Amino acid sequence: MSQQGANIQVLGKEIILNLLPKRVQNSHKGTYGHVLNIAGSCQFSGAAYLSSISALKVGAGYSMLASCSDVISSIQSMCPDLTYLDLGQSNYGTIPKDALKYLNALANYDVVSIGCGLNLVGGVRDFILNFIKKNANSYTPIILDADALNALSQADSFSFPLNSIITPHPLELSRLLDVDVKEIQQNRAKWAWEASREFDCIVLLKGHDTVISVPNGKIFINHTGNSALSKAGSGDVLTGMIAGFCAQGLSLESAACCAVFLHGLTSEIASKAMSEYCVLASDLIKYIPYAFKALLTVN
């Protein structure tokens, strides 16, 4: 198996500038799209916040967090920028198994992300699998990350929605493909491409030199980023950034390219101020504006 026949490109500033969604003066919040982020549990409330606020930080007009009651209560008090959809709460501090009844109108959103910090207890696994099955033919772009992928890897069989991207780290991809993680790491582009063809969706394989593979044979390699991203929560920020760009009208492919490049650039700029040791996922949120300025600055 190889990626022979694939069109491999390295992401750079010119590519991202050409993809970046435009801002227009005659606009309003609806112009830049509506994100629905299904995320969080009482144990992982930070994932819900990081993945929701980062969508706004890259330019989305709305970011709605759909989560369990206690998570919304805790985040709402400190973050008035988001909108909220209370899905109720199980005895495990997670969204309940029957929360799907609140999510019947995906067409009202420009993009949906699901998985960050959901925690697979208290019926969440069944909720995720039912959500994916129900929306298998939805044209609304769907981003599947973290516990959404973990839930699928535990299923007897699975398929991905019509217009979707998965964002696994190497271990998550190894579970989905049933391939040893060391083998994946030895040839990341090959296995990302194999996964995108097998699952018929875009695959964003996180890690050093992140790989984005599209079923039609396009592969993008990203070289921005550093060890500052090796912190809990950095992947949640990336998910929100993808959603935010997609909400503004980019395809999932283009949104992933912009998000990955700027996510890595953000870590580099933050590290210059703080060192690679000290950057937290929440610091990435603060430094996203500086990454945009660096990208948009004409040399």
Side-chain angles (χ1 to χ4, degrees), residues 11 16 19-21 35-40 44 46-60 63 65 111-118 141-150 164-173 188 192 201-214 220-248 250-271 276 279-292 295:
L11 294 177
I16 303 305
L19 294 177
L20 207 65
V35 174
L36 174 65
N37 182 31
I38 307 166
F44 302 112
Y49 168 76
L50 292 168
S51 53
S52 298
I53 198 67
S54 54
L56 291 179
K57 207 70 173 179
V58 300
S63 181
L65 170 61
V111 60
V112 178
S113 51
I114 179 170
C116 295
L118 284 178
I142 299 177
I143 304 163
L144 299 109
D145 186 30
D147 282 324
L149 303 179
N150 293 329
S164 61
I165 182 172
I166 62 173
T167 58
H169 56 59
L171 181 57
E172 289 166 341
L173 187 61
R188 291 166 50 80
C201 68
I202 302 170
V203 174
L204 189 159
L205 178 57
K206 294 185 283 198
H208 179 63
D209 291 345
T210 291
V211 180
I212 301 167
S213 180
V214 186
F220 302 93
I221 310 293
N222 182 62
H223 293 318
T224 63
N226 56 31
S227 70
L229 295 176
S230 301
K231 291 274 180 72
S234 64
D236 302 314
V237 174
L238 177 60
T239 294
M241 293 175 73
I242 298 169
F245 282 125
C246 189
Q248 295 172 76
L250 297 190
S251 66
L252 282 173
E253 174 188 321
S254 296
C257 290
C258 289
V260 164
F261 183 88
L262 280 159
H263 185 252
L265 183 58
T266 297
S267 73
E268 294 174 3
I269 294 171
S271 295
E276 292 182 34
V279 177
L280 303 177
S282 56
D283 294 319
L284 296 176
I285 304 294
K286 301 171 188 174
Y287 277 87
I288 287 173
Y290 299 98
F292 269 90
L295 176 66

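Note that this is a predicted model, so its numbers are computed, not measured. Here, residue 1 is the first one in the sequence, and each next residue gets the next number.
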Check your understanding: According to the side chain to side chain donor-acceptor pair (under 3.5 Å) rule, which pairs have a member within residues 47-58, sequence neighbours left out?
Key -> Asn37-Ser51, Asn37-Ser52
Study note, to complete from the structure: Hits for side chain to side chain donor-acceptor pair (under 3.5 Å) against Ser227, two or more places apart or cross-chain, chain-then-number order -> Glu276
Practice item. Decide yes or no on side-chain contact (heavy atoms from CB on, under 4.5 Å) for Leu262 and Phe292, but give the supporting numbers first. Key: CA-CA 7 Å; Leu262 280 159; Phe292 269 90; 4.0 Å; yes
Point to revise | Considering all heavy atoms, the nearest Val35-Ala243 contact | key: CG2-O, 3.6 Å
Review point. Can you name the side chain to side chain contact (heavy atoms under 4.5 Å, CB included) partners of Ala48, sequence neighbours left out?
Key: Ala39, Leu65, Val71, Ile75
Check your understanding: Just wondering, do Leu238 and Thr167 contact through their side chains at under 4.5 Å, heavy atoms?
Key -> no
Check your understanding: Do the side chains of Leu284 and Ser267 get nearer than 4.5 Å, heavy atoms only?
Key -> yes
Review point. What is the distance from atom CD1 of Ile53 to atom CG of Leu56, rounded to the nearest 0.5 Å?
Key: 5.0 Å
Check your understanding: Within a strict 4.5 Å, meaning less than it, do heavy atoms of the Cys257 and Ile212 side chains meet?
Key -> yes
Practice item. For Ser251, enumerate each residue passing the side chain to side chain contact (heavy atoms under 4.5 Å, CB included) test, keeping only those at least two apart in sequence or located in another chain. Key: Glu253, Ser254
Point to revise | side chain to side chain contact (heavy atoms under 4.5 Å, CB included) involving Ala281 - partner list, sequence neighbours excluded | key: Leu50, Val237
Point to revise | Stepwise side-chain contact (heavy atoms from CB on, under 4.5 Å) test for Val111 and Leu36 | key: CA-CA 6 Å; Val111 60; Leu36 174 65; over 6 Å; no
Study note, to complete from the structure: Tested for side chain to side chain contact (heavy atoms under 4.5 Å, CB included) against Ser113, the lone hit among Ile38, Thr239, Ile242 is Thr239
Exercise for review: Search all heavy atoms of Val279 against all heavy atoms of Ala228 and return the closest pair with its distance.
Suggested key: CB-CB, 3.8 Å
Review point. Listed by chain and number, what are the ring pair (Phe, Tyr, Trp, His ring centres under 6.0 Å) partners of Tyr287, not counting sequence neighbours?
Key: Tyr290
**Study point:** Donor-acceptor pair, side chain of His263 and main chain of Ser234, under 3.5 angstrom
**Key:** yes
Review point. Which pairs, with at least one residue in residues 203-214 and sequence neighbours excluded, count as a side chain to side chain donor-acceptor pair (under 3.5 Å)?
Key: Asp145-Lys206, Ser196-Ser213, Asp209-His223
**Study point:** Pairing residues for Ser282 by the side chain to side chain donor-acceptor pair (under 3.5 Å) criterion, not counting sequence neighbours
**Key:** none
Check your understanding: Atom CG of Leu20 and atom CG of Leu250: how far apart are they, to the nearest 0.5 Å?
Key -> 7.5 Å
Exercise for review: State, with a plain yes or no, whether a side-chain heavy atom of Phe44 is found less than 4.5 Å away from one of Leu118.
Suggested key: no
Revision key, fill the gap. Hits for side chain to side chain contact (heavy atoms under 4.5 Å, CB included) against Glu268, two or more places apart or cross-chain, chain-then-number order -> Thr224, Asn226, Leu265
**Study point:** Any residue meeting side chain to side chain donor-acceptor pair (under 3.5 Å) with Asn150, in chain and number order, not counting sequence neighbours
**Key:** Asp147, Arg175
Review point. Under the side-chain contact (heavy atoms from CB on, under 4.5 Å) criterion, do Ile221 and Leu11 qualify, and how do the steps go?
Key: CA-CA 6 Å; Ile221 310 293; Leu11 294 177; over 6 Å; no
Study note, to complete from the structure: What one should report as the nearest heavy-atom pair of Phe261 and Leu295 is CE2-CD1, 4.1 Å
**Study point:** Distance (rounded to the nearest 0.5 Å) between Asp283 CG and Ile288 CD1
**Key:** 11.5 Å
Review point. What distance do Leu149 atom CG and His169 atom NE2 have between them, rounded to the nearest 0.5 Å?
Key: 8.5 Å
Exercise for review: In sequence, state the C-alpha distance, the side-chain angles, and the governing distance for Val260 and Leu204, and then conclude on side-chain contact (heavy atoms from CB on, under 4.5 Å).
Suggested key: CA-CA 9 Å; Val260 164; Leu204 189 159; 3.4 Å; yes
